[in-house]
Amino acid sequence: MEKKKDRKSYRHMNGIEIIGLGKAVPETRLTNEDLRQYMDTSDEWIRSRTGIVSRHLCTGEESLTDLATEASRKAMEDAGIAPEEVGLVICATCTTDYMVPSVACAVQENIGIPGGVPAFDINAACSGFVYGLQLIYSLMNAEAACRSERKYALMIGGEQLSKMLDFSERSVSVLFGDGAAAAIVRGSSQKRFFCHTAAEGDRSALYAHTVGRNQIPAMEYKGKRIVSENPLQITEAYAAGIMKDGYLRMDGRKVFRFAVRVLAAEIDQMAEQSKVPAEEIDYIVCHQANSRIIDYVRKQKNLPEEKFFMNLQEYGNTSGASIPLALADMKDRGMLKPGTRIFCIGFGAGLTWGGCYLEF
Ligand code: ACO
């Protein structure tokens, strides 16, 4: 009898809501004008083609883990919860500090979230935050997660993209920045949540090699190479020109075509799932890649500019951090009031994309 009652209340919980947000960006801010010291570019070129005016970049004293920790602490403070109440930690990133452990585990250690709960990273590039919310939604609606004493999930989006930028190459390096933002999420029977994620395998439009992998013959066994990532060998392999670098490379036009296609489709998808037409939604929070991508779709759909929250002028493209960074800025500006309804839409390397409908 008792068990049946439990089951019923679990079935009732089928939405999720964000109850706290926090952000952290590196102190060092470089304007477009500052970049002219390093490459042949101009504020006019960057601003007119992307909408970006500045970006924040980590110095040697800051790391992704530091930013993710600070953003998480602020999100927990905003939600008014203690580390002991966190039951799940996910970090969306494609610029992890260590191959292992995950950023999520490092944040768990830094914040003192007691052991015994899952903590892991996901890599869906710029769609990572939306992918993460879908995971949280699914896990929270699973019986085991719902019965946990620790009801809150910590969802982080964090990147240190400067690690893989080639500042001698102007067409990609001007676009990106570093930063992290975090959300505290809980299950809700009142707030509705809808989500959709997708990918189409593509390694050529946007990629960065893992430095050292499959490049250095370390030993041979039955004619097959076993590779190692000994730093000395990496240096030698670079010098010998047999190793690829780990810089981010992009086919800008291909990404542009992909982005406008999936952004438009995902707005329709979210409207269909939530039954809230795009004209009636309060805000559409797109991955902050490039204002031209967003403008193109906005005009195509005949939607007003005010509906699209933008902060890429300040931070550039921060990949997995970009959507939560936008949400955190919106909260700081008092834009997330009770009842506010939002579509969040991400798109990025993979090629991945996804959308979610959130109610505040
Ligand atoms: N400053 C000055 N000139 C530059 C710069 C720069 N930073 N970068 C490139 N140029 C020059 C090029 O050398 C080229 O000169 P040329 O005509 O003499 O050869 C000229 O500008 C045009 O270069 P293109 O690469 O053709 O520029 P394009 O008009 O395609 O714009 C851009 C590039 C902005 C990246 C565009 O392709 C775009 O918007 N792509 C969408 C992809 C995007 O925004 N990605 C973000 C990351 S992906 C993601 O988050 C999903």
Side-chain angles (χ1 to χ4, degrees), residues 30-55 57 92-95 123-131 157-179 197-208 247-266 285-300 308 310-313 315-326 344-355:
L30 274 86
T31 62
N32 295 341
E33 204 54 37
D34 292 327
L35 289 184
R36 294 185 59 210
Q37 291 174 41
Y38 308 96
M39 63 190 83
D40 179 17
T41 189
S42 67
D43 178 54
E44 199 282 325
W45 193 97
I46 302 171
R47 207 186 276 247
S48 64
R49 298 204 183 217
T50 70
I52 297 165
V53 177
S54 64
R55 70 284 297 141
L57 299 175
T93 185
C94 56
T95 51
N123 179 351
C126 313
S127 317
F129 190 77
V130 172
Y131 268 62
E159 304 286 4
Q160 191 177 345
L161 288 149
S162 52
K163 280 180 200 166
M164 51 188 194
L165 296 180
D166 175 358
F167 286 101
S168 65
E169 208 283 299
R170 62 185 180 174
S171 64
V172 176
S173 59
V174 300
L175 305 175
F176 295 92
D178 301 335
T197 53
E200 59 188 26
D202 179 311
R203 271 179 295 181
S204 63
L206 189 55
Y207 65 90
Y247 293 130
L248 190 62
R249 304 291 179 204
M250 178 179 73
D251 178 342
R253 288 182 187 177
K254 190 173 177 186
V255 172
F256 191 95
R257 286 195 298 274
F258 156 75
V260 294
R261 175 170 60 82
V262 298
L263 176 52
E266 208 56 41
V285 180
C286 304
H287 163 49
Q288 303 287 296
N290 185 322
S291 58
R292 285 205 310 185
I293 294 173
I294 297 169
D295 283 347
Y296 185 96
V297 174
R298 181 175 62 72
K299 284 181 189 148
Q300 190 187 51
F308 290 80
M310 304 287 289
N311 64 1
L312 65 74
Q313 52 280 17
Y315 306 119
N317 180 345
T318 57
S319 190
S322 113
I323 290 177
L325 210 46
C344 293
I345 299 176
F347 44 88
L351 293 164
T352 59
W353 70 99

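Atom set for the values below is all heavy atoms of this structure, side chains included, hydrogens, waters and symmetry mates excluded. Both counts, for ligands and for their atoms, begin at 1 and track the order of listing.
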Practice problem: Determine, counting only non-hydrogen atoms of the protein, whether one lies under 4.0 angstrom from atom 18 (O) of ligand 1. | Solution: no
Quiz item: Quick one: does atom 11 (C) of ligand 1 have a protein heavy atom under 4.0 Å from it?
Solution: yes
Quiz item: Is at least one protein non-hydrogen atom found at under 4.0 angstrom from atom 45 (N) of ligand 1?
Solution: yes
Quiz item: With a 4.0 Å heavy-atom cut-off (strictly under), which part of Thr41 contacts ligand 1: side chain, backbone, both or neither?
Solution: both
Self-check item: Phe176 neighbourhood, listing ligand 1 atoms whose heavy-atom distance to it stays under 4.0 Å
Solution: 47 (C)
Quiz item: Do Asp295 and Arg298 sit within salt-bridge range, that is, some charged N less than 4.0 Å from a carboxylate O?
Solution: yes
Quiz prompt | Close-contact set for ligand 1 against Ala289 heavy atoms, below 4.0 Å | solution = 50 (O)
Quiz item: Donor-acceptor pair, Glu159 side chain versus Gly157 backbone, under 3.5 Å?
Solution: no
Quiz item: At what distance is the nearest protein heavy atom to atom 40 (N) of ligand 1, and which residue and atom is it?
Solution: Gly252 O, 3.0 Å
Quiz item: Should Ser42 be counted as touching ligand 1, given the test is an N or O pair under 3.5 Å?
Solution: no
Quiz item: Can you tell me if CZ on Arg36 sees more than 12 non-hydrogen neighbours from other groups inside 6.0 Å?
Solution: no
Quiz item: Could any protein non-hydrogen atom be found less than 4.0 Å from atom 25 (O) of ligand 1?
Solution: no
Quiz prompt | Nearest non-hydrogen protein atom, atom 33 (C) of ligand 1 | solution = Trp45 CH2, 4.0 Å
Exercise. Could you walk me through whether Gln160 and Thr95 pass side-chain hydrogen bond (donor to acceptor under 3.5 Å, both in side chains), step by step?
Key: CA-CA 6 Å; Gln160 191 177 345; Thr95 51; over 6 Å; no
Quiz prompt | Check: Thr50 N/O within less than 3.5 Å of ligand 1 N/O | solution = no
Quiz item: For atom 39 (O) of ligand 1, what is the nearest protein heavy atom, given as residue, atom name and distance?
Solution: Asn290 ND2, 2.7 Å
Quiz item: Does the protein put any heavy atom within less than 4.0 Å of atom 2 (C) of ligand 1?
Solution: yes
Quiz prompt | Polar contact flag for Ile46 and ligand 1 (N/O pairs, less than 3.5 Å) | solution = no
Exercise. Find all atoms of ligand 1 within a distance of less than 4.0 Å from any non-hydrogen atom belonging to Ser171, and give their numbers and elements.
Key: 8 (N), 9 (C)
Practice problem: Write out the residue and atom name of the closest protein heavy atom to atom 22 (C) of ligand 1, then the distance separating them to 0.1 Å. | Solution: Arg49 NH1, 3.9 Å
Practice problem: Could you list which atoms of ligand 1 come closer than 4.0 Å to a heavy atom of His287? | Solution: 49 (C), 50 (O)
Quiz item: Which protein heavy atom lies closest to atom 47 (C) of ligand 1, and at what distance to 0.1 Å?
Solution: Asn317 ND2, 3.1 Å
Exercise. Go through the steps for Ile345 and Trp353 under the test side chain to side chain contact (heavy atoms under 4.5 Å, CB included), then give the verdict.
Key: CA-CA 7 Å; Ile345 299 176; Trp353 70 99; over 6 Å; no
Practice problem: Just do the side chain to side chain contact (heavy atoms under 4.5 Å, CB included) check on Leu325 and Phe129 with the steps written out, would you? | Solution: CA-CA 10 Å; Leu325 210 46; Phe129 190 77; over 6 Å; no
Quiz item: Nearest to atom 13 (O) of ligand 1, what protein heavy atom do you find, and at what distance?
Solution: Arg170 NH2, 2.8 Å
Self-check item: For Val174, the ligand 1 atoms whose distance to one of its heavy atoms is below 4.0 Å
Solution: 7 (N)
Exercise. Hey, could you give me the CG/SG distance between Leu351 and Cys126, rounded to the nearest 0.5 Å?
Key: 10.0 Å
Quiz item: When you measure from atom 35 (C) of ligand 1 to every protein heavy atom, which one gives the shortest distance, and what is it?
Solution: Met250 CE, 3.8 Å
Exercise. Apply the test side-chain hydrogen bond (donor to acceptor under 3.5 Å, both in side chains) to residues Asp178 and Ser162: give CA-CA distance (whole Å), side-chain angles for both, the deciding distance (0.1 Å), then the verdict.
Key: CA-CA 7 Å; Asp178 301 335; Ser162 52; 2.7 Å; yes
Quiz prompt | Shortest protein heavy-atom distance from atom 36 (C) of ligand 1, along with the residue and atom involved | solution = Arg292 NH2, 3.9 Å
Self-check item: Numbering as shown, the atoms of ligand 1 that approach Gly348 to under 4.0 Å (heavy-atom distance)
Solution: 51 (C)
Quiz item: Backbone, side chain, both or neither: what part of Leu206 comes under 4.0 angstrom of ligand 1, heavy atoms only?
Solution: side chain
Self-check item: Sole residue of Thr318, Asn32, Asn317 in side chain to side chain donor-acceptor pair (under 3.5 Å) with Arg55
Solution: Asn32
Exercise. Indicate the atoms forming the closest heavy-atom contact of Ala264 with Gln300, along with that distance.
Key: CB-OE1, 3.4 Å
